[in-house]
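Report on the structure given below.
Numbers for residues simply follow the sequence, beginning at 1.
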Amino acid sequence: MENIKFNLQGSLITEEELRKIQPEIMEAQEKLLDRKGISSEYTGWLDYVNRIDKKEYEDIKITANYIKENCDAFILLGVGGSYLGAKAAIEAIRGDFHNELCRPQIYYAGQNLSGSYLKRLIQVIRDKEVCIIVVSKSGTTLETAIAFRIFRELMEEKYKEKARERIFVVTDRNKGALKSISDIEGYKTFVVPDDIGGRYSVMTPVGLLPMAGAGLNTDEFIEGMKSGVEEYSIRDFNKNICCLYAAARNILNRRGKEIEIFVNYEPYSISIAEWWKQLFGESEGKEGKGIFPASLNFTTDLHSMGQYVQEGKEIIFETTLTVENFDEDMEVPYDNNNFDKLNYIAGNKLSYINHKAFQGTFLAHSEGKVPGLVISIPRMNEYYLGKLFYFFMLSCGISGYTNKVDPFTQPGVEAYKKNMFRLLGKS
């Protein structure tokens, strides 16, 4: 069967370096899988898909069908891990221009504090049949709470008492502001598990409900995750690509490579990069440690950032995501006049040309001493996307433990919140 692959050939890493770091990586993997590391109480995601609550999952499907049958659009309210995983999956699977080509349309709110953004979004959805999915463990995250207050009022104005039938909540099982208001108003609720942090929660109702509402095949997504659980739990350094990816990142970081650039060659992967950035940035950026996660979209960004990557400070390495097979493609047409001198590639598919662009860029960057790691997936579908997400999450946990940081908490996030609430006059 086709599988996700990881390639170290352009990494500029030696066999000796891999041999030296192997004991550290295997110790970190053991801590993670055996739940012996720091904050192991937040590692419920490791086997969540093998113990998923079947009744709640059936409720997710029923709710998703309601959304698809009764809505022109739904709005996903959430910030950080509460929406990035779902957004990445929806955009990767439904593709570019999906709101113009698919129903229901999907919009996002609660991820910023922009009044103009919300006002324009309200204009867009005002005359549509709408549902809302709000995701927040506490219900008091400022961006999401403000947006929910605004859209709850809008829904009640539009649908009166029936508004409660169109508002769906993913929150804590027993406590919190969002759970309290849901109980009072009668909103349908789903549970954010206590043992899974936001950036690791895409396989829970946090990700599954909006994904299913968007028409994605969540059964296949879960099967991909299950495949990842089985394959990436192998305790063999040379056969486990999670271990190899974690090893490569730490080797390069110790060499002074401080920035990892996630590179993709398909626009529908842009939101995968955004999810990946939160996963690694929030997990590893602690105690003066961690690789800074960034992203570039090639070939577009080769025309703006390619020069820096090629000849700038030698603090960068690249991790490129490639897709091997495509269900949709186009050929370069033949032109009798050949004004643009492109007939030499006429008849070739764009995916072929794009791959040659990747190969040429990868070679140039390698010659410029920019290490490159390559992750390739057979095709962009729910199964392989689920497995890819699990690959990154497990790699992140191993990498964090290797670097001796806690990959499952985010204490630094609270600093800006305290200042913001003080400046707003919160007592």
Does a side-chain heavy-atom distance below 4.5 Å link [X] with [Y]?
| X | Y | answer |
| --- | --- | --- |
| I75 | F151 | yes |
| E223 | K387 | no |
| R199 | F280 | no |
| E260 | F292 | no |

| task | Using the six-membered ring wherever Trp is involved, compare the ring planes of F389 and W275 and label them parallel, tilted or perpendicular (cut-offs 30° and 60°). | result |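 Taking W275 first and then F389, their aromatic rings sit tilted (interplane angle of 30° to 60°).
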| Nearest atoms (heavy-atom pairs only) where T361 meets F298 |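 Here T361 and F298 meet closest at CG2-CE1, 4.1 Å.
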| Looking at E274 and S295, what are the two nearest heavy atoms and their distance? |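 Nearest heavy atoms, E274 then S295: OE2-OG, 3.9 Å.
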Side chains of residues 140-147: which donor-acceptor pairs under 3.5 Å do they make with residues two or more places apart or in other chains?
| residue | atom | partner | partner atom | Å |
| --- | --- | --- | --- | --- |
| T140 | OG1 | S138 | OG | 3.1 |
| T144 | OG1 | G110 | O | 3.0 |

Please check if any side-chain donor atom of [X] sits under 3.5 Å from a side-chain acceptor atom of [Y], or the reverse.
| X | Y | value |
| --- | --- | --- |
| T171 | K137 | no |
| T402 | E24 | no |
| E231 | Y390 | no |
| K128 | Q105 | yes |
| N238 | Q22 | no |

Ion pair [X]/[Y], N-O distance below 4.0 Å:
| X | Y | value |
| --- | --- | --- |
| K20 | E17 | no |
| E91 | K87 | yes |
| D329 | R379 | no |
| E284 | K289 | no |
| K226 | D47 | no |

Side-chain donor-acceptor contacts of residues 365-377 below 3.5 Å, not counting sequence neighbours, with atom names and distances?
| residue | atom | partner | partner atom | Å |
| --- | --- | --- | --- | --- |
| H365 | ND1 | E318 | OE1 | 3.0 |
| H365 | ND1 | E318 | OE2 | 2.9 |
| S376 | OG | E324 | OE2 | 3.3 |

| Which of these, I272, N325, D327, sits in a side chain to side chain contact (heavy atoms under 4.5 Å, CB included) with M380? | I272
| Can you tell me how far CG of L252 sits from CG of L12, rounded to the nearest 0.5 angstrom? |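 Here the interatomic distance stands at 8.0 Å.
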| note | By side-chain contact (heavy atoms from CB on, under 4.5 Å), E58 pairs with (sequence neighbours left out) K61, I62
| request: Could you tell me which residues satisfy side-chain contact (heavy atoms from CB on, under 4.5 Å) with S180, sequence neighbours excluded, listed by chain and number? | output: none
| task | Report the C-alpha separation of D34 and R235 in whole Å, then their side-chain angles, then the decisive distance to 0.1 Å, and conclude whether the salt bridge (charged side-chain N to carboxylate O under 4.0 Å, His left out) test is met. | result | CA-CA 11 Å; D34 293 345; R235 305 193 190 206; 2.7 Å; yes
| note | For residues 389-399, the salt bridge (charged side-chain N to carboxylate O under 4.0 Å, His left out) pairs (sequence neighbours left out) are none
| task | Could you name each residue pair satisfying salt bridge (charged side-chain N to carboxylate O under 4.0 Å, His left out) that touches residues 102-115, not counting sequence neighbours? | result |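 Not a single pair qualifies under salt bridge (charged side-chain N to carboxylate O under 4.0 Å, His left out).
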| K356 to F358, cation-pi by 6.0 Å centre distance and 45° axis angle | no
| task | Say whether, by atom type as modelled, one donor and one acceptor occur between the side chain of K286 and the main chain of T409 under 3.5 angstrom. | result |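 Yes.
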| message | Ring centroids only, cut at 6.0 angstrom: are Y200 and Y48 within range, meaning strictly under it? | response | no
